[in-house]
Engineer: 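Right, I'll just put the structure down here and ask away after.
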Amino acid sequence: RKQTRKYDGKTLRELSELELPQIARLSKQTLHNRAVKIAGFLNWARDRGYPVAEGLEKVMAFKKERRRAAEMRAVFTPDDLTKIFNPEMYLKEAKGQPARFWVPLIGLCTGMRIEEICQLELDDIHTVPSRVYPELPEVLCFDVNDEGEKHVKTDTSERKVPMSPVLEDLGFLEYVAKLRKEKQTRLFPELKKNDVSGKYSDTVSKWFNRYLDKAGIQDDPKQGKKVFHSFRHTFVTLCYDLHVNARDIKHVVGHAGKFDITS
């Protein structure tokens, strides 16, 4: 209390101009949480005719900056991918748990979101007519849709995602055939929907974050954190490096209009 007494009676403007000691500063998360509450109050005041436009604008700008920072996800470097898919460690972690083995590989090869992968049903894996390559009358795809208990982020998220030959080479179709023989309906029957979040991906997501730490993957101080969503950014970056048509990239990852890989 003695340390903070000298700040008593000062206005917010006066406090904002002070050089506060490190010990008196709040964490960024606490500041964000308080900004949410302040914004709610200022919105209430604005709706009742109080002149709070300037203050509300500043608070909303802070919230937007924090949200943008939280959405930043770095791409995986070639060295990162070597560490992640180190055969000895990766196979040991995935032993007896198909989702741990296939979900990261599908994420890397398709740019699909983790929930889009984890909620897949076996009927979502089928061929569609090819409109691009005449020599390939049909293309094997993942069908991302919101049928049944599944959901998608936006309308443009519903799409057909071509299956990478890499997955076929690793035995993915054999895995699918085995599940069909067992009369399963979902691609990863061991994954259960979380009662709170309503997602199938929660356990895989938490495991993968722990696995990244175990593999020694470091966040990028400029680009942001490295998480499962980084596979999506990595996929898009590789496509651009290979000069894939931007329109085709948008379709594969489920975007329309302006492309934004943070979504």
Engineer: Among D80, D220, T77, N209, whose side chain to side chain donor-acceptor pair (under 3.5 Å) with K226 holds?
Structural biologist: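 Only one of D80, D220, T77, N209 forms a side chain to side chain donor-acceptor pair (under 3.5 Å) with K226, namely D80.
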Engineer: Taking C-beta and beyond as the side chain, do Y90 and E93 meet within less than 4.5 Å on heavy atoms?
Structural biologist: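 Y90 vs E93: side chains apart.
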Engineer: Is the closest side-chain heavy-atom distance between F142 and L167 below 4.5 Å?
Structural biologist: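 Yes, side chains in contact.
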Engineer: Identify the heavy atoms of D219 and G224 that sit nearest to each other, and give their distance.
Structural biologist: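 So the minimum-distance heavy-atom pair works out to CB-O, 3.8 Å.
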Engineer: Before giving the answer on salt bridge (Lys or Arg N to Asp or Glu O under 4.0 Å), spell out for E116 and R159 the whole-Å C-alpha distance, their side-chain angles and the decisive distance to 0.1 Å.
Structural biologist: CA-CA 11 Å; E116 291 175 342; R159 63 199 188 279; 2.8 Å; yes
Engineer: Is L81 reachable from L242 through a run of I, L, V, M, F, W or Y residues, each pair having side-chain heavy atoms under 4.5 Å apart?
Structural biologist: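 Yes, L242 and L81 fall within the same hydrophobic cluster.
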Engineer: Does Q184, at its CD atom, have more than 12 non-hydrogen atoms belonging to other residues, nucleotides or ligands within less than 6.0 Å?
Structural biologist: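 Enclosed.
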Engineer: Hey, would you say the F85 and F76 ring centroids sit under 6.0 Å apart?
Structural biologist: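 So the answer is no for these two rings.
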Engineer: If you compare all heavy atoms of I249 against all heavy atoms of C239, which two are closest, and at what distance to 0.1 Å?
Structural biologist: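 Distance-wise, the nearest heavy atoms are CD1-CB, 3.6 Å.
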Engineer: Of all heavy-atom pairs between G171 and W102, which one has the smallest distance, and what is that distance?
Structural biologist: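 What the structure gives for the nearest pair is C-CH2, 3.7 Å.
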Engineer: Are I125 and R180 packed together at the side-chain level, in the sense that at least one heavy-atom pair is separated by less than 4.5 angstrom?
Structural biologist: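 Yes. Closest side-chain heavy atoms under 4.5 Å.
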Engineer: How long is the gap from CD on E147 to CD on E149, to the nearest 0.5 Å?
Structural biologist: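 Here the rounded value is 13.0 Å.
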Engineer: Can you name the nearest heavy-atom pair linking K160 to H251, along with the distance?
Structural biologist: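 Where K160 meets H251 most closely, the heavy atoms are O-NE2, 3.7 Å.
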Engineer: When rounded to the nearest 0.5 angstrom, what is the spacing between CG in L179 and CG in L122?
Structural biologist: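 Between atom CG of L179 and atom CG of L122 there are 5.5 Å.
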Engineer: Look up atom CG in N145 and atom NE2 in H151, then write down how far apart they are to the nearest 0.5 Å.
Structural biologist: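 Reported to 0.5 Å precision, the distance equals 12.0 Å.
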Engineer: Would V204 and F228 satisfy side-chain contact (heavy atoms from CB on, under 4.5 Å), going step by step from the backbone distance to the final call?
Structural biologist: CA-CA 10 Å; V204 177; F228 189 92; 5.5 Å; no
Engineer: Picking from D124, L120, D123, what satisfies side-chain contact (heavy atoms from CB on, under 4.5 Å) with L187?
Structural biologist: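 Answer after filtering D124, L120, D123: L120.
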Engineer: For the pair K178 and E182, evaluate salt bridge (Lys or Arg N to Asp or Glu O under 4.0 Å) and give the outcome as yes or no after the intermediate values.
Structural biologist: CA-CA 6 Å; K178 177 177 178 292; E182 295 172 353; 2.7 Å; yes
Engineer: So which atom in Y211 and which in I84 form the shortest heavy-atom distance, rounded to 0.1 Å?
Structural biologist: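 Result for this residue pair: OH-O, 2.5 Å.
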Engineer: Quick check on side chain to side chain donor-acceptor pair (under 3.5 Å): which of R113, K193, E115, Q119 does S201 satisfy it with?
Structural biologist: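 That would be E115.
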Engineer: CD of E88: more than 12 outside heavy atoms within 6.0 angstrom?
Structural biologist: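 Atom CD in E88 is not packed in, count stays at 12 or less.
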Engineer: Do K199 and C118 come close enough that some side-chain heavy atom pair is under 4.5 Å?
Structural biologist: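 Not in contact.
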Engineer: Taking atom CG of D169 as the centre, report whether more than 12 heavy atoms of other residues, nucleotides or ligands fall under 6.0 Å from it.
Structural biologist: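 More than 12 within 6.0 Å, yes.
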Engineer: When you group the ILVMFWY residues by side-chain heavy-atom contacts below 4.5 Å and let the links chain together, are W207 and I106 in the same group?
Structural biologist: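 As far as the 4.5 Å side-chain criterion goes, W207 and I106 are connected within one cluster.
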Engineer: Same cluster or not: Y175 versus M163, using hydrophobic residues (I, L, V, M, F, W, Y) connected whenever any side-chain heavy atoms lie under 4.5 Å apart?
Structural biologist: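 Shared cluster, yes.
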Engineer: Looking at Y200, I'd like to know if the NZ or CZ of R186 sits under 6.0 Å from its six-membered ring centre while staying within 45 degrees of the ring's axis.
Structural biologist: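 Yes, a cation-pi geometry holds between R186 and Y200.
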Engineer: Salt bridge or not between K83 and D79? Use side-chain N to carboxylate O under 4.0 Å.
Structural biologist: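 Looking at K83 and D79, the cut-off is met.
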Engineer: Quick one: does E190's side chain have a donor or acceptor within less than 3.5 Å of a partner on Q97's backbone?
Structural biologist: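 Judged by distance alone, no pair lies under 3.5 Å.
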Engineer: Does some side-chain heavy atom of V103 sit less than 4.5 Å from a side-chain heavy atom of F208?
Structural biologist: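 Side chain of F208 against side chain of V103, heavy atoms only: no contact under 4.5 Å found.
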Engineer: Going by an N to O cut-off under 4.0 Å, is there a salt bridge joining E158 and K150?
Structural biologist: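 Answer for the salt bridge query: no.
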Engineer: Would T237 and T234 count as a side-chain hydrogen bond (donor to acceptor under 3.5 Å, both in side chains) if you check the C-alpha gap in whole Å, the side-chain angles of each, and the deciding distance to 0.1 Å?
Structural biologist: CA-CA 5 Å; T237 299; T234 303; over 6 Å; no
Engineer: Could you measure the distance from the NE2 atom of H229 to the NE2 atom of H233? Nearest 0.5 Å is fine.
Structural biologist: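 Here the interatomic distance stands at 4.0 Å.
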Engineer: State, with a plain yes or no, whether a side-chain heavy atom of L140 is found less than 4.5 Å away from one of L173.
Structural biologist: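 A side-chain contact exists here, since the closest heavy-atom pair is under 4.5 Å.
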Engineer: According to a 4.5 Å side-chain heavy-atom criterion applied to Ile, Leu, Val, Met, Phe, Trp and Tyr, with indirect links allowed, do L238 and V236 form part of one hydrophobic cluster?
Structural biologist: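 Different clusters.
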Engineer: Taking the side chain as C-beta and beyond, is there a heavy-atom pair between K92 and M89 under 4.5 Å?
Structural biologist: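 Of all side-chain heavy-atom pairs linking M89 with K92, none is under 4.5 Å.
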Engineer: Between R232 and M112, is there a donor-acceptor pair closer than 3.5 Å when you use the side chain of the first and the backbone of the second?
Structural biologist: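 Checking the backbone N and O of M112 against the side chain of R232, no donor-acceptor pair under 3.5 Å is found.
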Engineer: Write down the atom of F231, the atom of L108, and the distance for their closest heavy-atom approach.
Structural biologist: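 Scanning both residues, the minimum pair turns out to be CD2-CB, 3.8 Å.
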